[in-house]
Amino acid sequence: MTAPLAVRPAAEIGPDVAAALAAASPPWLADRRRAAWDAYATLPMPSSARDEDWRRTDISGLHLEQHRMLDSVNATVVGGMRREHDAAAPEAAFAIDAPGTYQVVENADALLAQGIIVTTLEDAASRHAELTRRALAPLAIDESKFIALWNAVWRGGVFVYVPAGVEALAPVWIAHAVAGERAASFPTTVILLEDSASLTVIDTYTSPKGDVELFSDTVAVMTAGRDSRLDYCALQQWGDGVWHVATRRASLGANARLRFFGATLGARVQKAYWEAVLDGAGAEADLFGLCFADGKQHHDHQSLQAHRAPETRSNLLLKVAVRDQARSVYSGLIDVAPEAVHADGYVQNRNLLLSRGAKADSVPRLEIRANDVRCGHGATAGHIDQDERFYLMARGVPREQADALIVRGFMDDVVDRIPHRGFAELIGQLLDAKIGGPAAAEQGR
Amino acid sequence: MSGTPTLSVHGLHVSVDGKEILKGVDLEVPQGEVHALMGPNGSGKSTLAYALMGHPKYQVTAGAASFDGADLIALPADARAKLGLFLCFQYPTAIPGVTTVNFIRAALRAQGKEVPAREFLNRLAAEMALLKIDESFRQRYINDGFSGGEKKRSEILQLAMLRPRLAILDETDSGLDVDALRTVAEGVMQLAGPDMGVLVITHYPRILQYLRPDRVHVLHAGRVITSGGAELAQRIERGGYEPILGAVAAAPVA
Ligand SMILES: Nc1ncnc2c1ncn2[C@@H]1O[C@H](COP(=O)(O)OP(=O)(O)OP(=O)(O)O)[C@@H](O)[C@H]1O
Ligand SMILES: [Mg+2]
């Protein structure tokens, strides 16, 4: 593994940092970084007044130039994440993405023996330049302000490569740990599956509890070859002060199968893009998400199911519960290209409003330019059903606990569909803890 | 304590969505007795059951209801359950995502009747076997996709697990096949006795042949218009409500 890229400690995001990182990168990457910084400098900051994507999500309070490049790791945060791994998926390789100081890949011997690569993206960029370029291909350098910034200044990162025909014997668990007042972090996951490969990835994001202000510009980019299978699970549990902008994009070859799960629990403000691009005929993507927002949290999910080839199938279900003053914004698009005949796509967002002050907006959309397709969308928003609450209370369950059981029940079908059992149990526990229902926490199984 | 009323209802008026349904109900069920409540469709039987259990939609506008001397009206439903009141719903609510086993466990804990996990599961298995409920129902979401009869049996399962002091059965016998009715009735009989009284709401004498009520009350247009012994149910079965209503109307006002 090559030495991590060095930058001036605690440097603010700016041209000096970008230039230093470019200078320390292999030539192909250096060019990419410079072009990306130029794009970043030119593109305006997204604004809720100007940009449709950002209409309901206000980031005018985010001052990027005041954030310093993350250069330290909080051992407590990493320790907590390791314990989650140990309890939920001890069989999984454990890869820490904590730029600048150290990167570790643990428990990966079995995978490495299969010819699978699990390393930092920095390392991959030097030693496996061609693979890395292919793996980054689904992401254009200048497609948005935040993606341009990420391209210019990312460090560390985790890269996973599975050769053709190899079925990974164990999952890869990735821990993105961030800490430090006004730190800027660029958590990165890059996955490349060759034809007929299969892999499960569990991608977790944690910072210290509390409202320390942090900025995270997250990228997870996945490329799944013909006939491959990728199970991808993300868990976002940042602290309460985090600005979280994320793009998770999977590009699927012919007959590839993606199962995507995302849990959104943390951050102060989130704008997350969840995108499946079905590039090959017969590709299939199932995307499921859970979001529980409380306090003053603002969670914006924007999804894309892009059907680019015939006989492709996609299905997305996002379940959201909002409490207190929290707000959820969802917009989703199924985009069917003219060549995607017989496409089958469904997008659904269900919201449960738990307080008067909580809000949820939902705009699922279809854009269909092909003939003979089957596509649909649905959105619901409602309060806890009075009769359901009464039924539970009539058996002695106090009101708050009844509500907690109902909220947890509302999410249960999605928890059930999480591809990894141990991780699903962790999600269940985290939901219980956040919802505050001790009764739901205990399983009478 | 024999003879002391456990449930005591006086002059109860109840409105739903601003419409008065109960117009002065008087009813007493002494400790450990089995009483039947009959009456034509729409007379207010389920309304009384819901009002006694504390559904927020059912507004008590006048009168009193107490259980073991405790005023019920001011209490939320969970507090009434903790006092020992139990309602077998006529139309049990489905709650997707909440499994039967977790729900019963949560209810026991909430009522301070928690037992260790193993003992709980053994008891649950035993009660399910008695009620001929398939094991798979443990992990099924409560009432979700249950058939009518399965819902009724699931209600009795909860009754058996929670051991209340007074069970209100709202048409638990409706929609059950002959064998299921016997199973359910036997389940209730096992529990009924000095520790548990029963107020059974029904249209049919069959369940009463099993439960042998001490008293039968007839509710009509929001009032209990007459009460009697078990033979009253037989009279209703043979002649319908008309003669009874007529007799009550003709009777001189005391
Ligand atoms: N929300 C409501 N608004 C208006 N009327 C209502 C409402 N709910 C119930 N009622 C009326 O109250 C009356 C009593 O209903 P209830 O369900 O208590 O009758 P019941 O005696 O249980 O009848 P059944 O034997 O058919 O079960 C009925 O006429 C019913 O239509
Ligand atoms: Mg009724």
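Chain identifiers are assigned alphabetically (A, B, ...) following the order of the sequence lines, protein sequences preceding nucleic acid strands; residue numbering begins at 1 within each chain. As the structure is a prediction and not an experimental result, all values here were calculated from the model.
- Atom CG of residue B:N102 and atom CZ of residue A:R408 lie 9.0 Å apart, to the nearest 0.5 angstrom.
- If you take OH on A:Y391 and CE on B:M53, they are separated by 11.5 Å, rounding to the nearest 0.5 Å.
- By the 6.0 Å contact criterion, NZ on A:K209 is open, its count of non-hydrogen atoms from other residues, nucleotides or ligands being 12 or less.
- Taking a 6.0 Å sphere around CD of A:Q348, one finds it holds more than 12 heavy atoms contributed by other residues, nucleotides or ligands.
- Taking a 6.0 Å sphere around CZ of A:R421, one finds it holds more than 12 heavy atoms contributed by other residues, nucleotides or ligands.
- Looking at B:P92, the atoms closer than 4.5 Å to chain A (heavy atoms on both sides) sit in the backbone and in the side chain alike.
- In this structure, A:R395 satisfies the cation-pi test against B:F86, with its NZ or CZ atom closer than 6.0 Å to the six-membered ring centre and inside 45 degrees of the ring normal.
- Going from atom CG of A:L392 over to atom CD1 of B:I95 covers 3.5 Å, rounded to the nearest 0.5 Å.
- Closest heavy-atom contact between A:D387 and B:T93: O-OG1, 3.8 Å.
- Among B:Q158, B:Q111, B:K57, the residue with the largest count of heavy-atom pairs under 4.5 Å with chain A is B:Q158.
- Using a 30° and 60° split on the angle between ring planes, A:F390 and B:F89 fall in the perpendicular class, above 60°.
- Using a 4.5 Å heavy-atom threshold, the side chains of A:M393 and B:P76 count as touching.
- Interface remark: B:I142 contributes side-chain atoms only to the contact with chain A (heavy atom separation under 4.5 Å).
- At most 12 non-hydrogen atoms from other residues, nucleotides or ligands lie less than 6.0 angstrom from NZ of A:K359.
- Of the atoms belonging to B:A79, not a single heavy atom falls under 4.5 Å from chain A.
- No more than 12 heavy atoms of other residues, nucleotides or ligands shown are found within 6.0 angstrom of CZ on A:R365.
- Side chains of A:E388 and B:P96 form a contact here, defined as non-hydrogen atoms less than 4.5 Å apart.
- Of all heavy-atom pairs spanning B:A106 and A:L405, the tightest one is CB-CD1, 4.2 Å.
- The two residues B:A81 and A:A394 come nearest to each other via the heavy atoms CB-O, 3.3 Å.
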